[in-house]
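For reference, the structure is listed below as structure tokens.
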Amino acid sequence: MDLEKKILAVITTNESKIAGGAPIFLCDDSQEAEDVAANLEAIIDGIAHALSDELYIIVKH
Amino acid sequence: MNEYIVPIVFGIIAGTIARIVMLRTDYRQYPTYLHGRVIHLSLGFIAASLGAVAVPAIMEMEFTAVTFLTVAATQFREVRNMERNTLTEIDEFELVPRGKTYIEGIALSFESRNYLVIFTALIGTLFYLVWHIYAAIVGVLLCMLISRGLRSGSTIKEVVDIKYHELHFEGAGLYVDNIYIMNIGLPERQEEILKYGMGFILTPKNMNEINTVGNLGQRQAILHDVSVSLGIFRDSGTPALSPLIKRDLDDGRLGVFILPQVRSKEKAMQVIGAVPVLENAIRMPSESKGGIL
């Protein structure tokens, strides 16, 4: 089965909210999280989605 | 010289002219200028020859000659395949793809136009042989008028009301009116989208149209045509900047989110309105037995 969508990376500032799965990027503050998300979006051609203020995911559509 | 030569030549010329009349390269630039056109004019000429020759064959009691027309049918199905394959191949490299339904619609019309050419040539030769050249000219002109009429179906503006609506964000969610489009995480991207994006609400006029414009292929066709006519603010590797159309599940209204380079409300509304309603997308629930209308 081909997956149409896939979470390629998780970017968060709150360590307690995450565990395993996709590559995880821990950031110190929301500004850093935003920058990392923007960079990753450009690098892997995915879309950065915000699930909450402290949690971003990069999804390939 | 054979008595049939002049009528046959007349039929061939009439059919070829009919193909020229039906061959228009517009904003879609398809068939591609020059080479694409040469291919279709040549095929039109072949189709016209087939149609024109059929009548004298029957008059000479050569009934098996009609089977010739089935060869033509096979040939033109092949034309449809050819168009479909080419367009599907090219579609991968479009910034906003046409979508399969649109491609199928284009391929379909290429095939059907060749049949119209056969028919025109056949009528031309038949009328010439049975009556007179003037009758033939009238018959051919009628055929061409019919073909012209068949060339363009209805357009989006006939089936929906188009209204401009500001885009807005609720958290990370992008909305047109109350229709959710997608989640955009980065504030930077959100600003870009608010700056360059435009939103439109398409309200279908009745139940048939709700089904028709809800079709994913029809929606893709709208996005493609808009991006061709107004330009598109995106590049490869920026999937966040994809124009999208989402549906209000409640009443079947469509929320159109586009990123045109020419940001004129009036022009955008005109372009959306001029998008053809795809044959393959049309649904008529009003004709069903359990008619809901």
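Order of the sequence lines sets the chain letters (A, B, ...), proteins ahead of strands, with each chain counted from 1. No experiment lies behind these values; they were computed from the predicted model shown.
Contact tally against chain A (heavy-atom pairs below 4.5 Å) for B/Pro239, B/Ala240, B/Gly237, B/Ser242: the top residue is B/Pro239. Residue with the most contacts toward chain B among A/Asp53, A/Val59, A/Asp45, A/Ile58: A/Asp45 (heavy-atom pairs, distance under 4.5 Å).
Exactly one of B/Glu104, B/Glu111, B/Glu89 qualifies for a salt bridge (Lys or Arg N to Asp or Glu O under 4.0 Å) with B/Arg84. That residue is B/Glu104.
With values rounded to the nearest 0.5 angstrom, B/Asn280 atom CG is found 8.5 Å from B/Ile282 atom CD1.
Using the six-membered ring where Trp is involved, B/His40 and B/Phe110 have ring planes that are parallel, under 30° apart on the 30 and 60° scheme.
Among the residues in residues 171-196 of chain B, those with a non-hydrogen atom closer than 4.5 angstrom to a non-hydrogen atom of chain A are B/Ala172, B/Asn183, B/Ile184, B/Gly185, B/Leu186, B/Pro187, B/Glu188, B/Arg189.
At a cut-off of 3.5 Å, with distance as the only test, a side-chain donor of A/Glu54 or A/Asn14 sits close to an acceptor on the other residue. No hydrogens or angles considered: a donor-acceptor pair under 3.5 Å links the side chains of A/Gln31 and A/Asp35. Under 3.5 Å, the side chains of B/Tyr102 and B/Asp225 contain a donor-acceptor pair of N or O atoms.
Counting heavy atoms of neighbouring residues, nucleotides and ligands inside a 6.0 Å radius, atom CD1 of A/Ile7 does not exceed 12 of them.
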